[in-house]
Structure formats: structure tokens, C-alpha cells
Amino acid sequence: VQLQASGGGLVQTGASLRLSCVASRRTSSNNGMGWFRQAPGKEREFVAAISWNGGATYYSESVKGRFTISRDNAKGAMYLQMNSLKPEDTAVYYCAVSRGASGASQASQIQYWGQGTLVTVSS
């Protein structure tokens, strides 16, 4: 499975962005998916995850209430709506497919990684 992430860019504090991730095969529709991010000089961290059918979603405390994860299995796609962006949200955002049907918050539970899309939030 190849994952293509897009939608990153340079925005100001308080702005919104919508990230997209498209999988090359529909295998991902049976698996949980999620977003991780890695800021310069920091380790990759969990952002949000969604179960295989979208019935369950999970968020890190730092983005809860501002970000919304969703998916469209018919399109093999996943999205991350990011609102009220802050400079500390600046990072490369990676989409990922979990090994199981539920969303994964640990990198060890990820089966496939996308190539990442850069989000930069200026103050």
C-alpha cells in the first residue's frame, strides 16, 4: 500500500488546513488509519486516528477540539481538518495505516507510512 499525503502549506496562526491521504489500494479500508507528525528536532508523535469504518476516533490532547479526522473508504481516502492552527502545530504530517481495524496511537502499531506533508504555522 502506498499512501499519498497532501494539503500542507504555510498559514498564519488561527487559520485552517485540510490534509488528505489517499491509499493506492483498498486494503486500507479494512484497517484503522491515522495521522502522526514530526516537528524539527523532535520525535514523531501521534495526532489522530480513526477505526476502519470511521466509528471511532482518537485524538492527542494537544489537538483535541481543533482537529477532526475522517475517512471515505469508497475513495480510499482519509482527511484531517485542522482548525485554529498554532505555531506549535508546525511539523511534517504523516498519514498511516494501522495493522489492525482500530486506530493506532503508537508507531509500533503502524503497518504503512505515507511520505509526509509539511505544515508551517507562522505567528
Side-chain angles (χ1 to χ4, degrees):
V1 174
Q2 290 186 332
L3 303 173
Q4 182 70 40
S6 62
L10 172 62
V11 297
Q12 292 186 332
T13 297
S16 298
L17 278 176
R18 188 190 193 213
L19 304 185
S20 299
C21 175
V22 179
S24 60
R25 291 196 284 128
R26 294 293 170 84
T27 300
S28 62
S29 63
N30 298 317
N31 296 67
M33 298 182 72
W35 293 94
F36 288 71
R37 68 186 181 186
Q38 187 166 17
K42 296 187 177 181
E43 294 190 353
R44 192 172 298 188
E45 65 174 3
F46 167 73
V47 176
I50 189 166
S51 62
W52 72 277
N53 63 352
T57 56
Y58 314 87
Y59 298 93
S60 68
E61 287 300 319
S62 62
V63 307
K64 194 174 295 183
R66 299 187 297 121
F67 291 9
T68 302
I69 189 171
S70 61
R71 65 188 296 167
D72 183 341
N73 286 344
K75 297 181 179 179
M78 174 180 64
Y79 309 99
L80 185 68
Q81 178 66 42
M82 306 186 295
N83 298 330
S84 302
L85 283 162
K86 305 175 181 180
E88 50 263 45
D89 294 317
T90 294
V92 176
Y93 283 71
Y94 298 90
C95 59
V97 173
S98 306
R99 298 184 189 280
S102 60
S105 61
Q106 302 293 324
S108 60
Q109 299 168 313
I110 298 302
Q111 186 171 17
Y112 301 108
W113 291 99
Q115 89 290 358
T117 184
L118 176 63
V119 173
T120 305
V121 184
S122 63
S123 58

Backbone N or O of Asn53 within a donor-acceptor pair of the Asn73 side chain at under 3.5 Å? no

Pairs where residues 30-86 contributes a residue and the test disulfide (SG to SG under 2.5 Å) is met, not counting sequence neighbours: none

Find the distance between CD (Glu45) and OH (Tyr94) and round it off to the nearest 0.5 Å. 12.5 Å

pair Arg37-Asp89: side-chain heavy atoms closer than 4.5 Å: yes

If I take atom CG from residue Leu118 and atom OG1 from residue Thr90, how far apart are they, to the nearest 0.5 angstrom? 8.0 Å

How many angstroms lie between atom CZ of Arg99 and atom OG of Ser108, to the nearest 0.5 angstrom? 7.5 Å

Enclosure of Gln2 CD (heavy-atom neighbours >12, cutoff 6.0 Å): no

Pairs flagged by disulfide (SG to SG under 2.5 Å) wherever residues 35-68 is involved - sequence neighbours left out: none

Looking at residues at least two apart in the chain, or sitting in another chain, which of them share a salt bridge (charged side-chain N to carboxylate O under 4.0 Å, His left out) with Glu43? none

Which heavy atom of Lys64 sits nearest to which heavy atom of Glu61, and what is that distance? NZ-OE2, 2.7 Å

What's the shortest heavy-atom distance between Leu3 and Tyr112, and which atoms? CD1-O, 3.7 Å

Quick one: NZ on Lys86 to OG on Ser123, what's the gap to the nearest 0.5 Å? 14.0 Å

Is there a path from Tyr93 to Ile50 through hydrophobic residues (I, L, V, M, F, W, Y) whose side chains come within less than 4.5 Å of each other? yes

Of the non-hydrogen atoms in Ser16 and Val11, which two are nearest, and what is the gap between them? O-CG1, 4.5 Å

Does Phe67 share a hydrophobic cluster with Val92, counting links as ILVMFWY side-chain heavy atoms below 4.5 Å and allowing steps through other members? no

Shortest non-hydrogen contact from Gly7 toward Thr117: N-OG1, 4.0 Å

Can you see which heavy atom on Val119 is nearest to which on Gly8, and at what distance? CG2-CA, 4.0 Å

Is it the case that the side chains of Ser98 and Asn31 hold a donor-acceptor pair, with the cut-off being a distance below 3.5 Å and no angle test? no

Test of understanding: with ring-ring contact (aromatic ring centres under 6.0 Å, His included), list the residues that count as partners of Phe46, not counting sequence neighbours. Phe36

Is the backbone N or O of Ala56 less than 3.5 Å from a side-chain atom of Ser51, with the two atoms forming a donor-acceptor pair by type? yes

Separation of Ser6 OG from Arg18 CZ (nearest 0.5 Å): 9.5 Å

Using the rule that Ile, Leu, Val, Met, Phe, Trp and Tyr join whenever any side-chain heavy atoms are under 4.5 Å apart, tell me whether Leu17 and Val63 fall into a single cluster. yes

Could you note down all residue pairs passing disulfide (SG to SG under 2.5 Å) where residues 33-123 supplies at least one of them, sequence neighbours left out? Cys21-Cys95

Counting N and O atoms only, with roles assigned by atom type, does the side chain of Gln115 sit under 3.5 Å from a partner on the main chain of Ala5, one being a donor and the other an acceptor? yes

Do the non-hydrogen side-chain atoms of Met78 and Ile69 ever get within less than 4.5 Å of each other? yes

For the CG atom of Leu80 and the OG1 atom of Thr68, what is their distance to the nearest 0.5 Å? 8.0 Å

Tightest non-hydrogen contact, residues Trp35 and Leu19, listed as CH2-CB, 3.7 Å

Between Ile110 and Trp52, is there a shared hydrophobic cluster once you connect ILVMFWY residues whose side-chain heavy atoms come closer than 4.5 Å? no

Step-by-step side chain to side chain donor-acceptor pair (under 3.5 Å) determination, Asp72 to Ser70: CA-CA 7 Å; Asp72 183 341; Ser70 61; over 6 Å; no

Any pair counted as disulfide (SG to SG under 2.5 Å), so long as it reaches residues 32-77, sequence neighbours left out: none

